[in-house]
Amino acid sequence: MTKVSSRWTEQEFAGLDLGDARLDKRARTLMERFTAKPTASIPEACDSWSETCAAYRFLANDDVSWEAILAPHWERTRERMQAHPVVLCIQDTTELDFNGQEAEGLGPLNYEARRGMYLHPTYAVTPTREPLGVLDAWMWARAKRGKDGVRPGQKESARWIEGYERVAEMAATLAGTRLVYVADREADVVALMRRARDLDTPADWLVRATHNRSVDDGEKLWEYTCSGTALGEISFTMPAREDQKARAVRQQLWARQVEIADGKGGRLGVTCVVAREVGAPAGSEPVEWRLLTNRPIETVEQAVELIEWYRARWEIEIYFHVIKNGCKVEALQLSAIDRIERALALFMVVAWRITFLMRMGRTCPDLDAALFFDPDEIRGVHLLTKKKMPASPPTLNEIVRLIAQVGGFLGRKSDGEPGVKTIWRGLSQVHAAAETLRALRDGLG
């Protein structure tokens, strides 16, 4: 019995090769189960005890690498990227807290006493924030500090540089698509900028600055950038977050091309952009971003474009939210880090699918829902919401909103579009309803 339409999983995992057809089939089955119940534990997501045992055997199989599980999704992501003139390749790191669990191979987090691991993906989105998928990822656990206070192993900052190198390699295979590497303050590493220059910058880069470096005549970068007349302004709505409500933001923009030390005795040409909020509400901290990029800026339109690209970085935070709170990966009860990595490889694709449905429902609302959901799922969501099936084919936005209503979204005019939380809650019930419809139909047949 299939819990969800296998169409998208078959397409996404086309070409999967784990060295054994049975392993390939098990991976696809697990993807379907996890998609049907993203918040459930592994035993709850599986159909039976025997399937649960098979799932744990799969995750414990040393012959299966998490990279091989993700390889088809990486290829599908690259194919989706080809259809767009610009793709933002967003990198960031999130910690996964498994404190209190006895899984082998875990390491310290921000405090030495906390145990867990780190996930560092490259997440591809369009400038309009359509999620295209994951391009690559790093998973690791930190080693404990030595007696000298130094942590052995590769410096974690190297992953930002390696991440750019992989994006640069991909840029050579996507001649019609401009790739832009986007990252937050941890990526403000001069070695990354120098590496991009040495490679002849096959992919653009845009990072948020954390270091107020010296420029010519000893002036500081941020003050020097803002010393002239503002280039113009940008206005947008800052979305609501856990500790703040949504509010309107108006920023003045400055941009200067400068040279900074390249860390090897030479100079490196970069463009600094400063976006500083004016007229912030009383009690609110003004929003100010300082960005560095390889791209020259001569007009306010070019500066605004870069600000919009940086604002799209928030999409990876939504993605992490789905992985951790929607898929509940930190609740996985697995005995070793390599088993957790295999499970994460599956859940990373599930999380992309959930964010993809949310964003497509907003940006392409009039698409035929049948492109994304099978007939039983469409019928199931109408039954759960006690809505009559429409005479004409429903749109994607209509179905996504109904799914979200099943998950607790009220759907009032003032509520706007649903978020990922109500969508992942609703999907579980919709897939269960679709399964019931199939079982009834099979029984009658």
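Just so you know, these numbers come straight off a predicted model, no measurement behind them. Atom set for the values below is all heavy atoms of this structure, side chains included, hydrogens, waters and symmetry mates excluded.
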request  = Over all heavy atoms of both residues, which pair between V349 and L70 is shortest? Give the atoms and the distance, please.
outcome  = CG2-CD2, 3.7 Å
ask   = Of all heavy-atom pairs between A141 and G116, which one has the smallest distance, and what is that distance?
value = CB-O, 4.0 Å
key: Polar side-chain atom of R159 near backbone of W138 as donor-acceptor pair, under 3.5 Å   = no
query = Salt-bridged, E51 to R33, with N to O below 4.0 Å?
reply = yes
query = Does D24 come within less than 4.0 Å of R28, counting only side-chain N to carboxylate O?
reply = no
D20 bridged to R22 by N-O distance under 4.0 Å = yes
ask   = Does a side-chain N-to-carboxylate-O contact under 4.0 Å join R313 and D184?
value = yes
Neighbour count >12 (heavy atoms, 6.0 Å) for atom CD, Q257 = yes
message = Salt bridge check, E169 against R166: does any charged N sit closer than 4.0 Å to a carboxylate O?
response = no
Expected output: side-chain K324 to main-chain T94 donor-acceptor under 3.5 Å = no
request  = Please check if the side chain of T177 supplies one atom and the backbone of M81 the other of a donor-acceptor pair under 3.5 Å.
outcome  = yes
task = List the atom of R342, the atom of D62, and the distance in Å for their closest heavy-atom pair.
result = NH2-CA, 3.4 Å
ask   = Do side-chain atoms of S65 reach the backbone of A68 as a donor and acceptor pair under 3.5 angstrom?
value = yes
task = Heavy atoms only: give me the nearest G133-H73 pair and the separation to one decimal.
result = CA-NE2, 3.6 Å
message = Check R256 with E298, please: is the shortest side-chain N to carboxylate O separation under 4.0 Å?
response = no
key: Exam field: side chain Y164 to backbone A203, donor-acceptor pair closer than 3.5 Å   = yes
inquiry  = Looking at R195 and D262, is there a salt bridge between them, counting it only when a charged N and a carboxylate O are closer than 4.0 Å?
reply    = no
task = Salt-bridge test for E288 and R290: reply yes if a basic N is under 4.0 Å from a carboxylate O, no otherwise.
result = yes
query = Salt bridge check: are R129 and E315 linked by an N-O gap of less than 4.0 Å?
reply = yes
key: Charged N-O contact under 4.0 Å between R142 and E156   = yes
ask   = Does a salt bridge link E12 with R353, judged by any charged N lying under 4.0 Å from a carboxylate O?
value = no
inquiry  = Atom CZ of residue position R194 - does it have more than 12 heavy atoms of other residues, nucleotides or ligands inside 6.0 Å?
reply    = yes
request  = State whether the side chain of R295 and the backbone N or O of T271 hold a donor-acceptor pair below 3.5 Å, judged by distance alone.
outcome  = no
query = Is the backbone of T395 close enough, under 3.5 Å, to the side chain of E398 for a donor and an acceptor to pair up by distance?
reply = yes
